[in-house]
Each structure stands twice: as structure tokens, then as C-alpha cells.
Student: 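Please find one structure pasted underneath; my questions will follow.
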Amino acid sequence: MRRTVQRRAAVGLLALIALIVPSALPATAAPPSGDGVILLEGATATEGIAAGQGTTFYAGDRLNGDIYRGDIRDDTAGLFIDAPDGRVAIGMKVDVTHSLLFVAGGGTGDAYVYSTETGETVSVVELTAKANAFINDVTLTKDGAWFTNSFAAELYFLPVDKDGRLGEVETVALTGPAADTWTGFGPNGIAAVNGGKTLILAHSAFGALFTVDPGGVASDGEDTDGEDPETAATARIEGIDVPNVDGILVQGRQLWAVQNQKNQISRIKLSNDLSSGVVKDVITSPDFNVPTTIAKFGSTLAAVNAKFGQPATEFEVVLVPARG
């Protein structure tokens, strides 16, 4: 149900992050080269980034929920939203048409919706009341926003009507291979293709990508059968092995998959029917330090460094070519 809720503390957030951080990380973060690097001054941790209007980007502070706004053309960024206590910011997407920023709330189980015009909170939406939850990423379709939960084989659909009004949240259970048992983080990055008729899901534990058929979900967010929860069938995209996969981005039949601990982004050509794919490029940068999510601006990718498990005091966005 959509409602403004009391913010639940991000219980065990650091412990959750520790599940995806190997013990072999370097003791300190290497300083960035400065070329194609935008500092998020004051950030205490980062993970999500989203493209806004033109060359504008938004990036979130993973630990306190603050939102930064910057411009890749000017290589600048500054604090845009000083989030209330108790919020966090993981994956995010911008609805340019309605001037809305959708933010995944990690261990809070919530999603946050902000105005990109004023920075004001539009809504705090409880996606799940489960104690063991991690709302990790979000993608947008013409009908609304889809959120992943890295600790459950389910998605959450938040309808958005043509006037930008939010509807009631629906829980959609995954079926098929993406719902197989796993340990650690599972569903992670998500993207919409074919006009939102198909979703692509990155699964960190499996190091794989899956298609998701959300066709049973009504555009108004209501249960179509009025009784049982909706389900969405998944199928593995063959020919792709992406260990440590995190955020993903799709444009046409090109897919970019961020592999956080590998400090790389794989550019993948998908088959027309989305059943398989081939890695065409592996994009790296000396300034990558556990990148997690990306936004695309023409021929440029903007990746945010998370620096999981490191005593870092500075966090930045790294600009790289979209092709290796």
C-alpha cells in the first residue's frame, strides 16, 4: 500500500554490504587520476547514479540517503537533497517527464520519490515489511517503477499514471531459474526493454542475466485475479557470464553490465529475442574503484565508485567511453 511511513532504521546495512565485499580488497583507496572524474564532495558512501535532463546526473549517498546533482559537461556536482535521518540511497532512476527521482531504500524496505525540480519528498513508499530485505535497484516503464529485492525472489511494482500520480504497490513473485535458491545478494540491477514489455534482471549470486516477463501485472497495479499475488516468469540469457554483476543499462539490443569487484563494465550485444548475448567489449579505467551503477550520456558512461570495504573519505563519478 502506498503511504507515508515511519522510516525504519536500515538495520544491519553494513552487515548486508559486507556480504558482497570480499576480504581481499586493498587497504586504502587509490587516488583518482583526475581525468574524467567528478568528485561528490561531502559524500560518505555512494552506489546509485541516474541520468536526468540533458547532461545532468543524480548520485546518492548510500549511508545517509543524501542526493547529489551534477553535470558531466561541467565536471561539477553538489548536494541537492539533504535527506532526513534514517534514509539510504541505493539504485535510482529519473522520470524526466514527471520530474521525479525514484530511489531504492536498501535495508529500510522503502522507496523514496523526490521532485527533481524542488528536491522535496513526494512520497515514502513501503515496498515490503520483511525484516530481511534489501531494495537494491529500480527501472522505469511507461506504467511505473519496478524495484528489486536482493534477498527475495520478488519485484515490487509502483504504478505511475500519465499525470505522475503514484498508485498502490504490488508484489510480484519471480518464477523460473532466477528464483532458484542462492546465498548472499541475488536480484540486483534491473532494466526495461521492448517498451517495458520485458525486464532484464542482473543476479549477483548467479553472475547471470535473466529476462523477466511482467505481462501478468496490470498497469494500474491491481491484482488481476483479485486473490493470489502476481508472478513473473524468468529465463536465463545464455552465453553470458558476468561475475559480480551489479547495475545494468540497456539501449536497444546493447546492454552494459557493471561488475563491481572486477572494476569493469561489460558491453553485451543481445540477440533479437533476448535469449542469448555476446560480450563485445570490456570497459576499464584506472579510476574505477568498485563501480556499482552507471548512467549513459551519448557515447559516455558515468559510473559511480562505491569503494566497498575501504576506509575511503572521497567518492566520485568516473566518465568512460561507452565502447571499449
Side-chain angles (χ1 to χ4, degrees), residues 1-10 13 38-72 74 76-129 133 135-148 156-170 220-221 293 295 297 302 304 315 317:
M1 177 181 297
R2 179 171 64 87
R3 58 188 177 90
T4 300
V5 297
Q6 280 190 317
R7 294 179 301 278
R8 290 175 285 130
L13 179 61
I38 304 173
L39 179 66
L40 301 174
E41 188 171 355
T44 63
T46 49
E47 183 162 352
I49 189 169
Q53 187 73 42
T55 53
T56 300
F57 70 85
Y58 298 83
D61 193 308
R62 187 177 73 240
L63 297 184
N64 63 28
D66 289 347
I67 305 297
Y68 290 78
R69 183 167 63 184
D71 192 313
I72 68 160
D74 300 333
T76 58
L79 182 64
F80 176 54
I81 299 172
D82 185 2
D85 292 346
R87 296 189 189 181
V88 300
I90 312 299
M92 57 184 63
K93 287 294 185 297
V94 174
D95 178 346
V96 174
T97 300
H98 300 117
S99 300
L100 297 174
L101 173 66
F102 294 80
V103 180
T108 68
D110 297 336
Y112 310 111
V113 186
Y114 299 100
S115 166
T116 57
E117 294 179 345
T118 66
E120 295 298 316
T121 300
V122 173
S123 186
V124 179
V125 184
E126 183 180 71
L127 300 179
T128 179
I135 309 304
N136 204 328
D137 208 356
V138 55
T139 193
L140 302 178
T141 69
K142 64 181 180 63
D143 295 320
W146 289 87
F147 294 84
T148 61
Y156 310 102
F157 177 62
L158 174 62
V160 182
D161 71 15
K162 61 183 179 61
D163 297 316
R165 291 187 295 261
L166 308 182
E168 304 293 327
V169 172
E170 183 172 357
D220 60 3
T293 57
F297 302 88
V304 65
F315 295 85
V317 171

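Please read all numbers here as calculations on a predicted model, not as lab measurements. Positions are given from 1 along the sequence.
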Student: Does His98 reach the main-chain N or O of Lys162 with its side chain, forming a donor-acceptor pair under 3.5 Å?
Tutor: yes
Student: Could you check Val169 against Val125 for side-chain contact (heavy atoms from CB on, under 4.5 Å), going step by step and ending with a plain yes or no?
Tutor: CA-CA 8 Å; Val169 172; Val125 184; 3.3 Å; yes
Student: Measure across Gly86 and Thr108 and return the closest heavy-atom pair with its distance rounded to 0.1 Å.
Tutor: O-CG2, 3.7 Å
Student: Between Ala133 and Thr128, what is the shortest heavy-atom contact and its length?
Tutor: CB-CG2, 3.8 Å
Student: Write down the atom of Leu127, the atom of Ala111, and the distance for their closest heavy-atom approach.
Tutor: CD1-CB, 3.8 Å
Student: Return the CD1 to OG1 distance between Ile67 and Thr116, rounded to the nearest 0.5 Å.
Tutor: 11.5 Å
Student: Which distance, rounded to the nearest 0.5 Å, do you find between the OH of Tyr114 and the CE of Met92?
Tutor: 8.5 Å
Student: Are Thr44 and Asn64 packed together at the side-chain level, in the sense that at least one heavy-atom pair is separated by less than 4.5 angstrom?
Tutor: yes
Student: Would you find a donor on one side and an acceptor on the other, under 3.5 Å apart, between the side chain of Asp95 and the backbone of Thr97?
Tutor: yes
Student: For residues Phe102 and Leu166, determine if any side-chain heavy atom of one lies less than 4.5 Å from a side-chain heavy atom of the other.
Tutor: yes
Student: So, do Asn136 and Glu47 sit near enough that their side-chain heavy atoms are less than 4.5 Å apart?
Tutor: yes
Student: Should Leu40 and Val317 count as side-chain neighbours, where that means a heavy-atom distance under 4.5 Å?
Tutor: yes
Student: Using a 3.5 Å distance criterion without hydrogens, assess whether the side chain of Lys93 forms a donor-acceptor pair with backbone atoms of Thr139.
Tutor: no
Student: To the closest 0.5 Å, what do you measure between OG1 (Thr76) and CG (Asp71)?
Tutor: 5.5 Å
Student: Do you know which two heavy atoms are closest between Leu140 and Ala145, and how far apart they sit?
Tutor: CD2-CB, 3.6 Å
Student: So, for Gly105 and Tyr112, which heavy atoms are closest and what is the spacing to 0.1 Å?
Tutor: CA-CE1, 3.8 Å
Student: Does any donor atom in the side chain of Glu120 or Ser115 lie under 3.5 Å from an acceptor atom in the other side chain?
Tutor: no
Student: Is there a side-chain contact between Val122 and Leu100, using heavy atoms and a 4.5 Å cut-off?
Tutor: yes
Student: Measure the CZ-CZ distance between Arg69 and Phe57 for me, rounded to the nearest 0.5 Å.
Tutor: 11.0 Å
Student: Considering all heavy atoms of both residues, which atom of Ala50 and which atom of Ala295 are nearest to each other, and what is their separation?
Tutor: C-CB, 3.9 Å
Student: In this structure, which one of Asp61, Thr121, Asp110 forms a side-chain hydrogen bond (donor to acceptor under 3.5 Å, both in side chains) with Arg87?
Tutor: Thr121
Student: Between atom CG of Asp137 and atom CD1 of Ile90, what is the distance when rounded to the nearest 0.5 Å?
Tutor: 9.5 Å
Student: What distance do Phe80 atom CZ and Asp66 atom CG have between them, rounded to the nearest 0.5 Å?
Tutor: 12.0 Å
Student: Between Tyr58 and Leu101 (side chain of the first, backbone of the second, donor and acceptor by atom type, cut-off under 3.5 Å), is there such a pair?
Tutor: no
Student: Is Thr46 reaching over with its side chain to a backbone N or O of Gly60, donor-acceptor style, under 3.5 angstrom?
Tutor: no
